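Keep in mind that what you see is a predicted model, and the values were worked out from it rather than measured. For the single chain, residues carry numbers from 1 onward in sequence order.
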Amino acid sequence: MKRTLISSGSSFEQEIGYSRAVVQGDWIFVSGTTGFDYSTMTIADGVQAQTEQCLKNIEAALLQAGSSLDDVVRVTYVLPDGEEFPECWPVLRKYFGEVRPAAMMISANLLDPRMRIEIEVTALKQNK
């Protein structure tokens, strides 16, 4: 089974030694993704804006893998302040309201104090 590595072009991937996503067969594993806009390496201040950018970054990786957010079966959210999670819900409904993947939210420190959320997903390509 062929293994394909997907890159976002983020400097973090090279510095740390990981891929934005790994495709193995019909499975796509997207690494924890933050709200950085990788084209400018900037990050918005608010958790809602960061959630939106996280999902755009994840969507781009899934598209490179021949998939989409519709194929997401599992999602993990990590927030330094778990009390901010409800602020993310409107954005999460926008992207996952119909998909409704299995989910988990963890409260933990992130690498950079500017980061308000990190999201990782697992997707399974559907035979359409």
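A side-chain N or O of Y95 and one of E52 form a donor-acceptor pair less than 3.5 Å apart.
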side-chain contact (heavy atoms from CB on, under 4.5 Å), that's the test. Do I106 and Y77 meet it? Break it down for me. CA-CA 6 Å; I106 299 168; Y77 307 103; over 6 Å; no
Take Q53 and F36, measure what side-chain contact (heavy atoms from CB on, under 4.5 Å) needs, and give me the verdict at the end. CA-CA 7 Å; Q53 187 63 53; F36 272 92; over 6 Å; no
Begin with the C-alpha distance, continue with both residues' side-chain angles, and end with the deciding distance and a verdict on side-chain contact (heavy atoms from CB on, under 4.5 Å) for I6 and V23. CA-CA 8 Å; I6 304 290; V23 182; 4.1 Å; yes
Intermediate values then yes/no, side-chain contact (heavy atoms from CB on, under 4.5 Å), I43 and D37: CA-CA 6 Å; I43 191 166; D37 178 336; over 6 Å; no
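For the pair R116/P80, a side-chain contact is recorded, criterion being any heavy-atom separation below 4.5 Å from C-beta on. Side-chain contact between L79 and S107: absent, with no pair of heavy atoms (C-beta onward) separated by less than 4.5 Å.
Across all their heavy atoms, L62 and A123 have their closest contact at CD2-CB, 3.8 Å. The two atoms that bring P90 and E87 nearest to each other are CD-O, 3.5 Å, heavy atoms only. Closest approach of M105 to G82, counting heavy atoms only: CE-CA, 4.0 Å. Scanning all heavy atoms of the two residues, the minimum distance from G35 to C54 falls at N-SG, 3.4 Å. In this structure, L55 and L69 approach most closely via the heavy-atom pair O-CD1, 4.5 Å.
Rounded to the nearest 0.5 Å, atoms CD (E118) and OG (S31) are 9.0 Å apart. Once rounded to the nearest 0.5 Å, the distance linking NZ of K94 with SG of C88 reads 13.5 Å. For the atom pair I58 CD1 and S8 OG, the distance stands at 11.0 Å (nearest 0.5 Å). Taking CD1 from I117 and OG1 from T34, the interatomic distance works out to 10.5 Å, rounded to the nearest 0.5 Å. Interatomic distance, Q126 CD to L124 CG, rounded to the nearest 0.5 Å: 5.5 Å. One finds the OG1 atom of T76 at 10.0 Å from the CD1 atom of I119 (value rounded to the nearest 0.5 Å).
Applying the side-chain hydrogen bond (donor to acceptor under 3.5 Å, both in side chains) rule to pairs touching residues 19-30 yields Y18-R20, R20-T33, R20-Y38, sequence neighbours excluded. Pairs of residues two or more places apart, or lying in two chains, that qualify as side-chain hydrogen bond (donor to acceptor under 3.5 Å, both in side chains) and include a residue from residues 42-51 are T40-T42.
A donor-acceptor pair under 3.5 Å is absent between the side-chain atoms of E120 and the main chain of V75, judged by distance alone.
Listed by chain and number, the residues in a salt bridge (Lys or Arg N to Asp or Glu O under 4.0 Å) with R74 amount to none (sequence neighbours excluded).
Hydrophobic clustering (ILVMFWY, side-chain heavy atoms < 4.5 Å, transitive): I16 and M115 are in one cluster. When hydrophobic clusters are built by joining Ile, Leu, Val, Met, Phe, Trp and Tyr residues whose side-chain heavy atoms come closer than 4.5 Å, directly or via intermediates, F85 is not grouped with V78. Transitive grouping of hydrophobic side chains (ILVMFWY, heavy atoms separated by less than 4.5 Å) keeps L110 and V30 in distinct clusters.
Residue-environment remark: CG (L63) exceeds the threshold of 12 foreign heavy atoms within 6.0 Å.
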